[in-house]
Amino acid sequence: MKLQELVDSFAESVEAQSRLMALGDPLAGNREAQRYIAAFDALKAHGDSGRDLLEQLLDDPRVEVRIMAAAYLLRHSGQRAHRVLDEESRRIGISGFSARQALQRWRDGSWQLDLL
């Protein structure tokens, strides 16, 4: 799979997981989570070039995609990923909660998404 296809797969799977969870289908949502995790793993296998390409999702119009990309890019994209999460953490609902949790895990030292 080409790098851009992996980025697209990451974004599509994040969006699908969000939609499926909202519909009350956690099993299908978890399958989508496995897909975006696999896409990220494949991207990170390409080193900085894979992570650099994922950065385009920090500007995605879909809030859940921006948040998940920022969460996965905290170590690599530093201030830019933090800005996205800070901005989105002000939202009410699951999106804001997700952004706040990513930032909290980063601050308490338990964040390790790029190492898993």
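Sequence positions, counted from 1, serve as the residue numbers for this chain.
Contact record, Gln17 with Ala33: NE2-CB, 3.5 Å, taken as the closest heavy-atom pair. Ala11 and Val65 make their closest contact through O-CG2, 3.6 Å (heavy atoms, listed as atom of the first residue, atom of the second, distance).
From Leu85, atom CG reaches atom CZ of Arg100 across 11.5 Å, with rounding to the nearest 0.5 Å. Here the OG atom belonging to Ser89 is positioned 11.5 Å from the CD atom belonging to Gln104, to the nearest 0.5 angstrom. Interatomic distance, Met21 CE to Glu32 CD, rounded to the nearest 0.5 Å: 11.5 Å. Atom CZ of residue Arg51 and atom CZ of residue Arg75 lie 9.0 Å apart, to the nearest 0.5 angstrom. Atom CG of Asp41 and atom OH of Tyr36 lie 12.0 Å apart (nearest 0.5 Å). To the nearest 0.5 Å, the span separating NE2 on His82 from OG on Ser77 amounts to 9.5 Å.
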Worksheet entry | Residues His76, Asp52; criterion side-chain contact (heavy atoms from CB on, under 4.5 Å); working and verdict | CA-CA 8 Å; His76 180 74; Asp52 289 345; 2.7 Å; yes

Discussion item. Does Ile67 form a side-chain contact (heavy atoms from CB on, under 4.5 Å) with Phe97? I'd like the steps, not just the answer.
Written reply: CA-CA 10 Å; Ile67 290 170; Phe97 176 77; over 6 Å; no

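Leu58 and Leu103 fall within the same hydrophobic cluster, where Ile, Leu, Val, Met, Phe, Trp and Tyr residues are linked whenever their side-chain heavy atoms come under 4.5 Å apart, directly or through other members. Criterion: ILVMFWY side-chain heavy atoms under 4.5 Å apart, direct or through other members. Under it, Leu20 and Val14 are not part of a common hydrophobic cluster. Cluster annotation: Leu3 is connected to Leu73 through the hydrophobic network of ILVMFWY side chains, with a link wherever side-chain heavy atoms come within less than 4.5 Å.
Side chain of Ser9 to backbone of Glu5: no donor-acceptor contact under 3.5 angstrom is found. Panel note: side chain Ser49, backbone His46; a donor-acceptor pair is recorded below 3.5 Å. Between the side chain of Gln56 and the main chain of Leu53, a donor-acceptor pair closer than 3.5 Å is present.
Considering only heavy atoms from C-beta on, Tyr72 stays 4.5 Å or farther from Lys44 through its side chain.
Side-chain contact check for Arg105 and Gln101: at least one donor-acceptor pair (N or O, by modelled atom type) lies under 3.5 Å. Side-chain contact annotation: Gln4 with Asp8, donor-acceptor N/O pair under 3.5 Å present.
Ion pairing between Asp86 and Arg66 fails under the 4.0 Å rule for side-chain N and carboxylate O. Comment: Arg91 engages Glu88 in a salt bridge, judged by a side-chain N to carboxylate O separation of less than 4.0 angstrom. Ion pairing between Arg80 and Asp59 holds under the 4.0 Å rule for side-chain N and carboxylate O.
A perpendicular orientation is assigned to the rings of Trp106 and Trp111, their planes being inclined by more than 60° (bins at 30° and 60°).
More than 12 heavy-atom neighbours from other residues, nucleotides or ligands sit within 6.0 angstrom of CG on Leu23.
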